[in-house]
Amino acid sequence: MEADFNRVKENLQCFNRPIYETVIVTLTEMIKSGELPPGTKFPPDKKLAIELGISHITLAKALNELRRRNILDRRRNILDRRRSTGTSVPENIQLPSANAARRKIAVVFDNVSDEVFQQPLFISLYRGLEELNCSLCFFSCDSDPEKQLATCEEILNDFSISGCIVWSILDSEQAATLIRRRPNYYPLIFMDKRYEGFDHDAVTYPNFDCGAAIARSFNRRKITKCCWIEEKYKHDMPSDKERREGFLSVWKDNDFELLYLPETPEEKELFRIPDGCAVVCCDQVVAVGLKKIFAENPVNVPQKLFVIESPSDDHTLVPEFTAFKFAPGIGAETVKILASRLNGKECCTVSHSGKWSVLEARSNKRRKRNVK
């Protein structure tokens, strides 16, 4: 039976890993998956080495090591190497069960807590990967972008992991570094953020539409003055930018002022919100920071406070704000893109998926309504 070793050759070209280990791990996966079925005959070492573009000494070393590794149940070798007959996959090989052959997918969050694993977003990712016969490998980076970048780079170099989903807190430069190091055909999906100027898979909330919905809500409420607050370093982040631009697409000629959340004591001392303005915080981090400023200086507290929240945000932290809270459908959309990648789709996908609900401020009668 003739064998096709193109997958080995592709992995040697696109993975930044040692040749020796790349050959071992790729052949192991091909045998376990049935891509190299029982009875498959390998070409002579020198011929196969030329086909793969590597040294026949390195190839022989890798094949001998693979033969020695007892990676299947009952300590059965997955490769037969004899001087008389050459190299082949044994006829009586016992392939692993479907569960043992599962692909592992890394899920990298910004932080971890007891609540994370109970969130609808995490549960939808877990169940979606189960349906794809994949195992979820969880990683946390303690809200440190540098640690998240380092973690993702380690994942890309881990041959046992077949894809990576990142709840991204990376800046554009860090994301570009990771995207450049992504092996060809390797699923790398960013959640909650997309980065301009780079082709990559991303699933984000409908930020533009939600911003526009807030402006329409203001029109209905007869609000004519707005103060939009965000973190300065995130001004050009696509998610924050889309929320702001969506709002301004409807708000247009009404009074609008963009402020940045103060960071230093001096900035906090000078921070003022114009009288009569409704306040929109672009995310809950800004809302929590603003609430702390109000606690220190309660003189200038607006009556109308709004915030855009992610599904994992705890609204009880800012009950004084009317929240436009995204639903967790982003998880299912992420799994769809992963499935298409694992099935060989090459083009990148950017999805703005989901709905949101409106949670009225505590001072009003609280109600919740679904909005597309």
Side-chain angles (χ1 to χ4, degrees), residues 1-106 132-135 154-164 180-188 338-347:
M1 183 178 298
E2 293 185 1
D4 184 353
F5 294 93
N6 282 335
R7 183 175 167 190
V8 181
K9 189 173 182 179
E10 289 174 358
N11 285 353
L12 286 168
Q13 293 173 347
C14 70
F15 282 95
N16 185 24
R17 297 164 180 164
I19 294 174
Y20 169 77
E21 191 65 26
T22 299
V23 172
I24 292 175
V25 177
T26 305
L27 288 177
T28 298
E29 292 179 351
M30 293 175 70
I31 294 171
K32 290 170 67 176
S33 68
E35 192 172 342
L36 294 177
T40 298
K41 179 78 172 177
F42 282 48
D45 288 0
K46 290 186 178 181
K47 182 178 178 180
L48 180 56
I50 292 172
E51 181 181 337
L52 299 178
I54 63 176
S55 164
H56 76 275
I57 297 176
T58 301
L59 175 62
K61 181 181 176 182
L63 294 176
N64 288 334
E65 174 61 21
L66 178 55
R67 181 181 62 83
R68 285 194 294 267
R69 291 186 181 184
N70 298 316
I71 63 171
L72 296 184
D73 295 338
R74 302 180 183 178
R75 294 187 171 274
R76 292 180 182 270
N77 292 324
I78 64 170
L79 205 64
D80 187 11
R81 275 175 67 76
R82 302 179 185 181
R83 289 188 177 182
S84 58
T85 59
T87 304
S88 62
V89 180
E91 291 281 359
N92 61 348
I93 187 175
Q94 289 188 353
L95 295 177
S97 64
N99 287 337
R102 281 185 169 196
R103 287 177 288 196
K104 293 193 293 185
I105 304 298
L132 293 178
N133 196 34
C134 295
S135 297
E154 290 179 6
I155 290 168
L156 294 187
N157 285 319
D158 186 340
F159 234 130
S160 69
I161 298 179
S162 301
C164 184
R180 283 195 298 267
R181 295 178 181 176
R182 178 185 72 88
N184 296 335
Y185 312 111
Y186 188 93
L188 173 63
L338 175 69
S340 68
R341 278 294 192 181
L342 293 175
N343 289 329
K345 182 179 179 181
E346 297 180 20
C347 61

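- Shortest non-hydrogen contact noted between Pro38 and Pro90 is CB-O, 3.4 Å.
- Side chain to side chain, Lys104 and Ser160 meet the donor-acceptor criterion of an N or O pair below 3.5 Å.
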Determine, step by step, whether Arg7 and Glu35 satisfy the salt bridge (Lys or Arg N to Asp or Glu O under 4.0 Å) criterion, reporting the C-alpha distance in whole Å, the side-chain angles of both residues, the deciding distance to 0.1 Å, and the verdict. CA-CA 10 Å; Arg7 183 175 167 190; Glu35 192 172 342; 2.8 Å; yes
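- A salt bridge between Lys47 and Asp45 is absent, with no side-chain N of the basic residue lying under 4.0 Å from a carboxylate O of the acidic one.
- Using a 4.5 Å heavy-atom cutoff, the side chains of Leu48 and Glu51 are in contact.
- Residues Ile24 and Ala62 approach most closely at CG1-O, 3.6 Å, considering heavy atoms.
- Leu188 CG to Leu156 CG: the interatomic distance, rounded to the nearest 0.5 Å, is 6.0 Å.
- Closest approach of Glu91 to Gly39, counting heavy atoms only: OE2-CA, 3.4 Å.
- Residues forming a side-chain hydrogen bond (donor to acceptor under 3.5 Å, both in side chains) with Ser88 (at least two apart in sequence, or on another chain): none.
- Applying the salt bridge (charged side-chain N to carboxylate O under 4.0 Å, His left out) criterion to Arg83, with sequence neighbours excluded, gives no partner residue.
- Considering all non-hydrogen atoms of both residues, Ser162 and Leu342 come closest at O-CD2, 4.1 Å.
- Among residues two or more places apart in sequence or in another chain, the side-chain hydrogen bond (donor to acceptor under 3.5 Å, both in side chains) test is passed with Arg182 by none.
- The structure places CD1 of Ile54 at 11.0 Å from NZ of Lys9, a figure rounded to the nearest 0.5 Å.
- Considering only heavy atoms from C-beta on, Phe42 comes within 4.5 Å of Leu27 through its side chain.
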Kindly determine whether Ile105 and Leu132 satisfy side-chain contact (heavy atoms from CB on, under 4.5 Å), including the steps that lead there. CA-CA 10 Å; Ile105 304 298; Leu132 293 178; over 6 Å; no
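- Under the side-chain hydrogen bond (donor to acceptor under 3.5 Å, both in side chains) criterion, Thr87 pairs with Arg81, sequence neighbours left out.
- Within a 6.0 Å sphere centred on CD1 of Ile19, heavy atoms belonging to other residues, nucleotides or ligands number 12 at most.
- Side-chain contact between Tyr20 and Val25: absent, with no pair of heavy atoms (C-beta onward) separated by less than 4.5 Å.
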Start with the C-alpha distance between Asn11 and Thr26, add both sets of side-chain angles, then the distance that settles side chain to side chain donor-acceptor pair (under 3.5 Å), and finish with yes or no. CA-CA 8 Å; Asn11 285 353; Thr26 305; 3.0 Å; yes
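- The shortest heavy-atom contact between Ile161 and Ile155 is CG2-CG2, 3.9 Å.
- Put simply, the side chain of Cys134 reaches to within 4.5 Å of the side chain of Arg103, judged on heavy atoms.
- Applying the salt bridge (charged side-chain N to carboxylate O under 4.0 Å, His left out) test to Glu154 and every residue at least two apart in sequence or in another chain returns nothing.
- The distance from the NE2 atom of His56 to the NZ atom of Lys61 is 14.0 Å, given to the nearest 0.5 Å.
- Residues passing the side-chain hydrogen bond (donor to acceptor under 3.5 Å, both in side chains) test with Ser55: none are found, sequence neighbours excluded.
- Of all heavy-atom pairs between Phe5 and Leu52, the closest is O-CD2, 3.8 Å.
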